[in-house]
Every structure is written in structure tokens, then in C-alpha cells.
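Written out below as C-alpha cells is the structure these notes cover.
Note that the coordinates shown come from a computational prediction; the quantities given were computed from them, not determined experimentally.
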Amino acid sequence: MSIAAGAPSRAEVLTLFRSFLRVARKFTDYNIREYTKRRTIDAFRQNRNLTDPSAISAAFSDGKAQFEVANRQAVVYSLYAPNLKSVMEVQK
């Protein structure tokens with residue numbers, strides 16, 4: 001974060017957002033990949049209007065923790081992912 005206990009900068013928040021979307025791409029399963037993208041966008045939209053620096057810092061810290069979980073899940077899921085594609089991914 002920018003300052004010891006200050007709110008994160010806009011650049012830091014956007015970096016976290018992009019990192020979530022990159023992790024979502026790592027999931028091989030269509031449903032999980034799309035859920036992760038949708039959940040990321042919804043969570044960032046929900047917190048878009050926060051103005052209190054402590055609330056922004058708390059949301060950012062929670063987001064970083066959730067990012068670590070998503071990253072671990074992507075690694076674990078890649079080890080045990082099924083080889084079948086979803087109906088949504090099959091091209092005609």
C-alpha cells in the first residue's frame with residue numbers, strides 16, 4: 001500500500017482487479033472461470049462508492065486475501081481438472 005495505513009491508490013486497486021481477471025483465466029473449467037470473473041466484477045462494483053479510507057483499506061485487504069485464495073484454487077484445480085470441455089466451450 002502507498003502509505004503505512006493509508007488507503008490504497010487507484011493504481012493498486014486496478015492492479016488487484018486485473019490480477020483477479022488473470023487468475024480467472026487460469027481455470028480450465030468454463031463455469032468456474034466465468035463465476036470468478038463475474039464475482040470479481042460484482043465485488044469491485046459493490047465497493048466502487050466507498051469513501052471512508054478505513055473502509056477502502058479493509059476492502060482492499062479483504063480483496064488481497066481473496067486473491068491469494070483464488071490463486072491457490074487455480075493451481076489446485078489445474079492439477080485435478082477434468083479433460084472434458086463444457087457445452088459452452090464446444091464449437092460447432
Shortest non-hydrogen contact from Pro53 toward Ala7: O-CB, 4.0 Å
State the CG-CD1 distance between Asn47 and Ile56, to the nearest 0.5 angstrom. 9.5 Å
Quick one: pull up OG1 in Thr36 and CZ in Arg38 and give me the separation to the nearest 0.5 Å. 9.0 Å
Keeping the roles fixed (side chain from Ser78, backbone from Val75), state whether a donor-acceptor pair exists under 3.5 Å. yes
Under 3.5 Å, which donor-acceptor pairs link side chains of residues 15-29 to any protein atom two or more places apart or in another chain?
{"residue": "Thr15", "atom": "OG1", "partner": "Ala11", "partner atom": "O", "Å": "2.8"}
{"residue": "Ser19", "atom": "OG", "partner": "Thr15", "partner atom": "O", "Å": "2.8"}
{"residue": "Lys26", "atom": "NZ", "partner": "Asn71", "partner atom": "OD1", "Å": "3.3"}
{"residue": "Asp29", "atom": "OD2", "partner": "Asn31", "partner atom": "N", "Å": "3.1"}
{"residue": "Asp29", "atom": "OD2", "partner": "Ile32", "partner atom": "N", "Å": "3.1"}

Residues forming a side chain to side chain donor-acceptor pair (under 3.5 Å) with Glu68, sequence neighbours excluded: none
In one Ile/Leu/Val/Met/Phe/Trp/Tyr side-chain cluster, 4.5 Å: Ile41, Phe60: yes
